[in-house]
Amino acid sequence: MYDPQRIERKWQDKWEQARIFEANPISDREKVFITSPYPYASGPAHIGHGRSFVNGDVFARYYRAKGYNVLYPMAFHITGTPVLAISSSIERGEENMIARMIEYVSLHTHEEKKVKEIVESFVEPWNVVNYFSSTYKSDFKSIGMSLDWRREFTTGDKLYNKLIEWQFHKLYDKGYLEKGEYPILYCPRDGNAVGEDDISRGDELNLDINEYTCIKFPFGDGYLVPATLRPETIYGATNLWINPSGIYVDANVNEEKWIISEEAIHLLVNQNKLVRVLRKFKGSELIGKKVKELFGDRELLILPGEFVDTSVATGVVYSVPAHAPYDYIALVDLQKDKDMQEKFKLDKEEIEGIKPIQIIDLPGFEDFPAKIYCERFKVESQEDFEKLDNATAENYKNEFYNGVLNDKCADYESLKVSDAVVKVVEELIENGKADKLYLPITKDLKCKCGERIIVSILKDQWFLNYTAGNWKEKAFECLNSMDIVPKKYRMNFEHIFNWLEKRPCARKRGLGTKLPFDKDWIIESLSDSTIYMSFYTIIHILKENGIQPDQLVIEFFDYVYLDIGDIQEVSKKTKINVGLLKQMQKEFFYWYPVDHRHTAIMHISNHLSFYIFHHVAIFPRKHWPKIISLIEPVIIEGQKMGKSIGNVIALADIQQNYSADLFRFYISHSADFGIMVDWREKQIQTVKNHIMRFYNFFVENVIAIKEVEGDIAHINSKYSKIVLSKCINKFIEAEKGLEELNLRKYLQLSFYEVFNLLQEYSKHTDNERDKLEVYKIVFPEWIKILSITMPHLCEELWEKLGKDNFISTEVWTDFNIDYTNIKLEREFDYVSDVVDDIMNILKIVKSSSPENIYLYTAPKWKQDVYEIINSKKGDFKEIMEQCKFSNDLMKNKNLISYIKSQIKERVWEKESNSLKEELILEEYRSYIEKRIMAKIHINSEYDPKNRLAKAVPFKPAIYIDL
RNA sequence: GCGGGAAUUGCCAAGUUUGGUCAAAGGCGCUGGACUCAGAAUCCAGUCCCGUAGGGGUUCGGGAGUUCGAAUCUCCCUUCCCGCACCA
């Protein structure tokens, strides 16, 4: 009885005790260094992690089986805020987080009290890290990972920090680091930058930042300053809107007098403006006054707009009724509203005289876009917020991508809106006519502390400048020399490489490594995980020898990684002895570069691109990465897997509920890399049965085959030789699949197709002895090739075969091509075709049990002509020339039609060689009769329907006596 | 919008790089049969349409083209998915 859980634990323990996956340099053996990105230790592993690591494991085992010395390590990522967020949420007693952590911890701990204790301990971030890294380890062990755990570390380790410091010193020296201004989300109460984890509902809201342009309209001795997202519409401004009941101020802003809403002061102050309030007043005071246009002599009227929100931007809005639905409808409303005009003592005629100014031409629009969109969305009044928002969005989208500025826009005429925006802002600011103001896209974004989040501008943000020097060129050079599998993703990389510019690389908070030359900053999590694979090569030596962080000075890595510096001096400086330094350098030089990195496609646009960039920045060409293979994510029953859907399947449950080998098989076989694995319970149960059948089939025969030699010389029947040949060819093909990193192809061939062959063989053969000989040869090869996917099951079967070593450490020899025989296979294919034809006819005539079936092979002249057609590759003229040499042929009235039909069939492209059909049929008589359950007569005189005329070479005519 | 990917016979999904051997692998589902007290499992047969002789017809998102020949190559269109920067 197949008991996967028992078998799996047994072998996992044995592997661990024998430490067979611990890899050390062996100087005369070729190596393969394969990695998948270290997982984040802020939660338990799920089957998505399972997919990439199992794939990696299958490759690692394959490389080992091919005789390579294989390093397959892993570590843990903890940089950034997620771990801190867990701790602070636990500390605050947040119920959602506590519930989630209880759920996570319960995966491995079933005692309620203990669970509670563990979750409480999470107030300390390192407890979170330690807990989840340990569950990862046990989960990964439970699915049979062949990892070298001695080389484990986390990105928060002091030793690791030293590596990252060195990396950033190098980047700094190369001139790839820069400082600049950068807007960030900011909580004024905490005085800190905030990210997704710090924001209420941060995971569902849009956390982008809008850049507003504040236009300085001259007004008295200062400026009235509306803010806009569409500065290119400045030429279409007709008036300004002020909320009459809002509070406004005269304020001194960086030595200029601005009129803005009271609430705006707070925003400006946090964006590096010096602000002093001079006077406070109600908005109504401004109504009816006028500002001067930026360009030209027009004066724009200040009008009442209740819709103006004084808490958004500057609380002042300029009106572009031709292109902004809100402005358009407000203007229409006001023009109709006599009471309002009365109330603010506005000039009726002047109000009516305000006409929208169209400054953007839009193909297919006869009227002002704002008007058309208001009509399209059936906007009735300025109170229809929802309709107005939709109308605005559509209006803007259309104008942004399709609109062109017209002749009212001076120098900007005929620019596309998308280009004009950038130019207008640039020039306005350059000329001192405008300023910038940043706001979160989402209104009322709240920090978890309750405070409203605003945008602050960091003046000295650190950036990595990917356009610096020849960095990009080198990255492309590396990419061009790499294998990307599947290759359809290469374009993706190229595009990302082109698009990468500057990227902030440090943050103000979170776990990680401090920037060595600016200790206020912590290196951001995607920037500190680019060359860490190098650390796998030496970390275990550092740990074993008790090397302390302060010993890992710049000279250390310079020497070990780059062979720079004098070893005596490095030793003196680091207080690490020369021998050890040499050993580490040797180990690094042995393992590096990373030969193969395997992960999900979501990492292309960030991690994998940075991985390449940072490697080319720091390491010489010989240490650049070589292969990246990519997978699509795992989905569950056709649905995305996610916390919010609540359908995440933890790796912790896999072995118990399914078994490691089943998981490994399913995850490897059910989809090619380029498509999503769909985790379907029903499908998995089917696969489970397949594996069970395989196990039973194997075990049923394992004793019997001990009686035979497993020697092809002892195999008598052709059929048996054919099956052996076919199996070996399948193995060879399957291995080609592995070489192409195509796991699905490899398993389809090595598991399903070989299994089908053997099952059919077992059913149709009548030579028991031969059968055992075949099995004796095939079985060991079979479980070897399957062992990389189902290592536990195959170890068990290996043991049952009487072997006393691990199949996991068995090096494959080449499959024995002496067992293959193409000629025999062709013969057999011919016979199978005949059987299929007979079956087909039986099906059509709906007869199941005829007694006699007659087969007629083609007459000699057809054979001869067939040879001619073959030799002339279907050239009709040449064929006829050749036929003319034979009078008999030329007299045959069927000749031309026969040649024509054979040419049409393109027979010369088929691989049938000169088979002696009659002999073959005779030889396979018993096989054929067994398959069709009738007696066959070959080339009998009896041919009542003259079927013989239909016979062509390799397609004998058939007559069934019904 | 930009960039990338995809569309195959009831469903999932190979095949496309290198055009012909493709009515198109495999799995699921469905239909019939065997086994069984029964079910599950397993096994056998069938599963685009027509056909009492191995054949014929119509298919690979839609349209046009190249070719003796197109699921595969070219062009246009439609639909869907993913990424678009500080969340890892």
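Computed from heavy atoms alone, side chains included, the values below leave out hydrogens, waters and symmetry copies. The sequence lines fix the lettering, A, B, ..., with proteins before strands; numbering per chain opens at 1.
Going from atom CD of A/Glu399 over to atom P of B/rG1 covers 16 Å, rounded to whole Å. Per the geometry, CD belonging to A/Gln759 stands 10 Å off C1' belonging to B/rC43, to the nearest Å. What separates CD1 of A/Ile691 from P of B/rU42 is a distance of 13 Å, to the nearest Å. Taking atom CG of residue A/Asn689 and atom C1' of nucleotide B/rG27, one finds them 13 Å apart after rounding to whole Å. A/Tyr489 has its OH atom 13 Å from the P atom of B/rC82, to the nearest Å. Rounded to whole Å, the distance from CG on A/Asn756 to P on B/rU42 is 14 Å. Remark: P of B/rG83 and NZ of A/Lys488 are 15 Å apart, rounded to the nearest angstrom. As a whole-Å value, the separation of A/Glu494 CD from B/rC2 C1' is 16 Å.
To the nearest whole angstrom, the two C1' atoms, one in B/rG19 and one in B/rU74, are 13 Å apart. Rounded to the nearest Å, the gap between the P atom of B/rC75 and that of B/rG3 is 15 Å. Only the P atoms considered, B/rC73 is 9 Å distant from B/rU18, to the nearest whole Å. Using P as the reference atom, B/rU59 and B/rG54 are 22 Å apart when rounded to the nearest Å. Rounded to a whole angstrom, the distance from the P atom of B/rG62 to that of B/rA7 is 13 Å. Taking atom C1' in both B/rU16 and B/rA71, one finds a spacing of 7 Å when rounded to whole Å.
The side chain of A/Lys843 has B/rU47 as its nearest neighbour among B/rA25, B/rU47, B/rA53. For A/Ile958, the listed nucleotide lying nearest its side chain is B/rG54; candidates were B/rG54, B/rA85, B/rU42. Distances from the side chain of A/Lys763 to the nucleotides B/rA88, B/rC28, B/rC44 place B/rC44 closest. Here B/rU52 is the nucleotide among B/rC82, B/rU52, B/rC28 with the atom lying nearest to any side-chain atom of A/Val845. The side chain of A/Arg503 lies closest to B/rA85 when the candidates are B/rG27, B/rA85, B/rA14. Listed candidates were B/rA85, B/rA88, B/rG54. Nearest to the side chain of A/Asp837 is B/rG54. Side-chain atoms of A/Asn492 lie closest to B/rG4 of the nucleotides B/rG4, B/rA41, B/rA88. Side-chain proximity of A/Arg693 to the nucleotides B/rG26, B/rA85, B/rC43 is greatest for B/rC43. Comparing B/rG15, B/rC86, B/rG5 against the side chain of A/Met491 picks out B/rG5 as the nearest. Residue A/Arg744 places its side chain closer to B/rA25 than to any other of B/rG27, B/rA25, B/rG83.
The residue A/Ala957 sits close to a base: some heavy atom pair falls under 4.0 Å. Among the heavy atoms of the strands, none lies under 4.0 Å from A/Lys945. Heavy atoms of A/Glu501 sit under 4.0 angstrom from at least one base atom. Here A/Asp672 lies in heavy-atom contact (under 4.0 Å) with sugar-phosphate atoms only. Here A/Pro956 lies in heavy-atom contact (under 4.0 Å) with a base. Among the atoms of the strands shown, base atoms are found under 4.0 Å from some heavy atom of A/Asn606. Within the nucleic acid shown, A/Tyr40 comes within 4.0 Å of sugar-phosphate atoms alone, with no base atom in reach, counting heavy atoms only. Among the heavy atoms of the strands lying under 4.0 Å from A/Lys640 are primed sugar atoms or P, OP1, OP2 only; no base atom is included. In this structure, A/His77 reaches the sugar-phosphate backbone alone: every heavy-atom distance under 4.0 Å involves primed, P, OP1 or OP2 atoms, never a base. Within the nucleic acid shown, A/Ile675 comes within 4.0 Å of sugar-phosphate atoms alone, with no base atom in reach, counting heavy atoms only.
In the model, A/Tyr830 has a side-chain atom that pairs as donor or acceptor with a side-chain atom of A/Glu917 under 3.5 Å. For the residue pair A/Tyr611 and A/His603, no side-chain donor N or O sits within less than 3.5 Å of a side-chain acceptor on the partner.
Side chain of A/Thr79 to main chain of A/Gly512: no donor-acceptor pair is present (N/O by atom type, distance under 3.5 Å, no hydrogens or angles). Using a distance-only test at 3.5 Å, with no hydrogens or angles considered, no donor-acceptor pair links the side chain of A/Gln683 to the main chain of A/Ser670.
Judged by Watson-Crick or G-U wobble contacts below 3.5 Å, the nucleotide B/rU52 has no partner. Pairing partner, B/rC84: B/rG1, with both Watson-Crick or wobble hydrogen-bond distances short of 3.5 Å.
Environment of NZ in A/Lys487: sparse, with no more than 12 heavy atoms of neighbouring residues, nucleotides or ligands closer than 6.0 Å.
Under the ring-ring contact (aromatic ring centres under 6.0 Å, His included) criterion, A/His495 pairs with no residue, sequence neighbours left out.
In this model, the phosphate group of B/rC86 is approached by a side-chain N or O of A/Tyr182 to a distance below 4.0 Å at OP1 or OP2. For B/rA88, the OP1/OP2 oxygens have a side-chain nitrogen or oxygen of A/Thr81 closer than 4.0 Å. At the phosphate of B/rG55, neither OP1 nor OP2 sits under 4.0 Å from any side-chain N or O atom of A/Asn840. OP1 or OP2 of B/rA88 has at least one side-chain nitrogen or oxygen of A/Arg507 nearer than 4.0 Å.
With a 4.5 Å cut-off on side-chain heavy atoms, A/Tyr186 and A/Ile453 do not count as touching.
For the residue pair A/Lys472 and A/Leu500, the shortest heavy atom distance occurs at NZ-O, 2.7 Å.
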